[in-house]
Structures are given as structure tokens and as C-alpha cells.
Amino acid sequence: MTKFVTKTGQFFAIVAAVTALLFVCGPATAAERKGAPEKKAPPVATTSAGTGEEFAACSPDYSDKQILAMAKFVGQLSPELVLKVRPILLKCDFKVNDRLLTTIAEIQDEMDEIEFASPEQEKEFRQEKAKEIEIQIVLTQKPINQAELKKLVGDLFEIRQKNMKSALADLEKQVELIKKRIEERQKLKDRITERKAKELVTGEQPEADDKEPPNDPLAWD
């Protein structure tokens with residue numbers, strides 16, 4: 001009986017000691033956690049596109065506002081491109097993002113400065129630039145998808161060929177107009193030279209003839 005009580009007493013003594021240890025350590029651990037600085041995720045700069053999607057800026061060279069403008073521009077070029085650009089930007093790889101964003105920015109600047117001769121020419125140019133962005137997207141992959149890259153470059157070649165043919169057609173039209181203008185002016189040589197001589201003597205510009213077409217056939221230039 002004495003042995004039983006002794007063993008029972010030892011058991012309860014151990015339980016009491018463990019309980020007391022937990023009671024003491026519990027607040028201490030909580031206090032340590034409270035005093036320790038919280039680990040926060042690194043800030044991610046985001047900007048909202050017109051479609052409601054968010055793009056991570058993660059770029060030291062481009063602001064959220066600039067990336068928002070680029071995202072909208074890419075969407076205008078090709079809505080499908082936005083879905084390809086977004087996951088790349090969200091990875092927050094500075095080098096990859098900056099290369100892609102620089103490509104988009106250069107294309108955006110180029111299109112702002114261009115005056116298209118026709119809607120068809122503008123459409124083909126937009127297709128060409130969309131392909132250039134797609135190629136840059138493929139170049140961000142590791143390893144690079146060689147088959148996809150080769151196809152995109154082939155598509156880009158065909159688009160550029162069409163653009164060159166379109167530009168050639170525009171030049172041929174201009175050449176025909178210039179040839180026609182030369183022939184018309186040759187027939188009107190006497191009248192053109194007479195009017196120019198009178199202008200040099202009097203210093204007065206000739207009055208426009210209401211019957212003449214908007215492009216004055218007697219104009220010196």
C-alpha cells in the first residue's frame with residue numbers, strides 16, 4: 001500500500017511540475033513573440049488595368065502609372081497579349097520586367113510618332129508590333145521555347161513583307177501622281193512661266209481663280 005501511495009504521489013508531483021512549467025513559459029513565449037518584430041512580405045507595387053486586372057510593377061525604372069499606360073496599350077494591340085504579360089510582371093523579376101517594359105515603351109513611342117496612310121497599314125503595323133512583344137515574352141522563358149520563337153519570327157517576317165509591299169504600293173501611287181503632274185505642267189508651261197514672271201515684277205501674288213481646282217495647276221511649285 002505504501003509503495004502504491006508513493007508511486008501515485010510521484011505521478012502527481014510530475015504532473016504538477018509540468019503544469020507549473022507550462023504556466024511560466026506560456027506568458028514568456030507570448031511576450032517574446034509580442035516583442036519580436038513581425039516578418040512582413042516585401043511591398044509589391046501594383047497598378048490596376050482598365051480590365052480590373054492588377055499588374056505588379058516591381059521595376060525601379062517604371063512607375064505604376066507608366067505600367068498602367070503600357071498595360072492599356074498592350075490591350076489595344078491585342079487583348080490576348082495582356083494575359084501573357086500579366087504573369088510575367090507578377091513574378092517581380094526586375095531584369096525580366098525591365099526588358100519587357102522597355103520593349104513595350106519603345107513600341108508605344110514609335111506608334112505615337114507614326115502617321116498611317118490607311119487603316120489597313122495601321123492594322124498590319126499593330127500586328128507586327130504585337131508579334132515583337134510576343135517574341136520578347138518568349139525570350140523571358142527559361143529554357144526558351146525554340147519552336148514557338150521560330151514560329152513567331154516567321155510570322156513577323158511575313159507581316160513585315162506585307163508592310164513593305166503596302167509601302168511600295170503607296171510609293172507607286174505617288175510616282176504615278178507625280179508623273180501625271182509633270183505631264184499637266186508641261187502642257188501649261190507658257191501660262192505657268194508667264195504668271196511667275198508677272199509675280200516677280202509686281203511682287204503680288206496672283207488671285208486664285210474660282211474655276212481652278214484646289215490644287216492650282218498654274219502653281220510654280
Side-chain angles (χ1 to χ4, degrees), residues 47-51 53 55 57 59 61-86 88-89 97-140 149 151-188 192 196 199 205-221:
T47 181
S48 177
T51 58
E53 293 194 83
F55 292 82
S59 169
D61 295 333
Y62 296 95
S63 67
D64 289 354
K65 186 177 180 181
Q66 288 175 309
I67 292 182
L68 172 58
M70 290 185 204
K72 289 181 177 178
F73 171 72
V74 170
Q76 291 169 356
L77 276 180
S78 170
E80 293 79 10
L81 268 182
V82 177
L83 300 178
K84 295 180 180 180
V85 167
R86 181 175 183 271
I88 295 173
L89 297 183
N97 283 5
D98 285 347
R99 282 197 297 268
L100 178 57
L101 292 172
T102 298
T103 299
I104 296 172
E106 289 174 351
I107 290 173
Q108 192 174 13
D109 291 341
E110 187 178 356
M111 290 199 67
D112 287 342
E113 296 174 358
I114 253 183
E115 291 185 6
F116 298 100
S118 65
E120 183 62 28
Q121 186 183 29
E122 180 178 1
K123 179 182 177 182
E124 290 177 358
F125 190 82
R126 285 180 175 276
Q127 290 175 342
E128 176 182 331
K129 296 309 171 183
K131 289 295 180 184
E132 287 184 9
I133 295 174
E134 285 191 80
I135 288 172
Q136 187 60 48
I137 289 172
V138 173
L139 293 176
T140 65
L149 180 61
K151 181 182 183 305
L152 286 171
V153 173
D155 292 343
L156 181 60
F157 175 82
E158 293 300 331
I159 293 172
R160 289 199 169 190
Q161 286 291 90
K162 288 176 66 177
N163 285 338
M164 291 180 70
K165 289 177 181 178
S166 178
L168 176 60
D170 290 339
L171 287 173
E172 288 174 342
K173 287 180 182 178
Q174 292 181 31
V175 168
E176 289 302 316
L177 289 174
I178 292 172
K179 285 181 178 179
K180 185 177 180 181
R181 175 71 171 157
I182 290 172
E183 292 174 0
E184 290 175 348
R185 285 171 57 80
Q186 189 62 41
K187 294 176 183 177
L188 298 171
I192 292 173
K196 183 62 177 178
E199 178 186 334
Q205 295 289 336
E207 295 182 2
D209 189 345
D210 293 338
K211 295 180 180 179
E212 291 178 350
N215 295 325
D216 186 358
L218 301 180
W220 181 254
D221 295 323

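- Not counting sequence neighbours, Glu158 has no partner by the side chain to side chain contact (heavy atoms under 4.5 Å, CB included) test.
- Residues Asn97 and Leu89 approach most closely at ND2-O, 3.3 Å, considering heavy atoms.
- Within the model, atoms CG of Leu139 and CG of Leu149 stand 5.5 Å from one another, a figure rounded to the nearest 0.5 Å.
- Each of Leu77, Leu152, Leu81 was scored for a side-chain contact (heavy atoms from CB on, under 4.5 Å) with Lys131, with one residue passing: Leu152.
- Residues Glu80 and Ser78 bring a donor and an acceptor atom of their side chains to less than 3.5 Å of each other.
- Scanning for ring-ring contact (aromatic ring centres under 6.0 Å, His included) contacts around Phe73 gives an empty result, with sequence neighbours left out.
- Lys196 is linked by a side chain to side chain contact (heavy atoms under 4.5 Å, CB included) to Glu199, Leu200, Trp220, counting only residues two or more places apart in sequence or in another chain.
- Listed by first and then second residue, the side chain to side chain donor-acceptor pair (under 3.5 Å) pairs that reach into residues 159-172 are Glu128-Arg160, Glu128-Asn163, Glu132-Arg160, sequence neighbours excluded.
- For Lys179, the side chain to side chain contact (heavy atoms under 4.5 Å, CB included) criterion is met by Val175, Glu176, not counting sequence neighbours.
- Between the CD atom in Glu120 and the CD atom in Glu122 there is a gap of 10.5 Å [rounded to 0.5 Å].
- Minimum interatomic distance between Ala219 and Ile192 (heavy atoms only, all atoms of both residues): O-CG2, 4.2 Å.
- To the nearest 0.5 Å, atom CD of residue Gln108 and atom NZ of residue Lys72 are 11.5 Å apart.
- By the ring-ring contact (aromatic ring centres under 6.0 Å, His included) test, Phe157 pairs with no residue at all, sequence neighbours left out.
- At least one donor-acceptor pair closer than 3.5 Å links the side chain of Thr140 to the backbone N or O of Ile137.
- Here the straight-line distance linking atom CE of Met70 with atom OG1 of Thr102 works out to 7.5 Å at 0.5 Å rounding.
- Using a 4.5 Å heavy-atom threshold, the side chains of Phe125 and Glu110 count as touching.
- With rounding to the nearest 0.5 Å, the separation of CZ in Arg126 from CZ in Phe116 is 6.5 Å.
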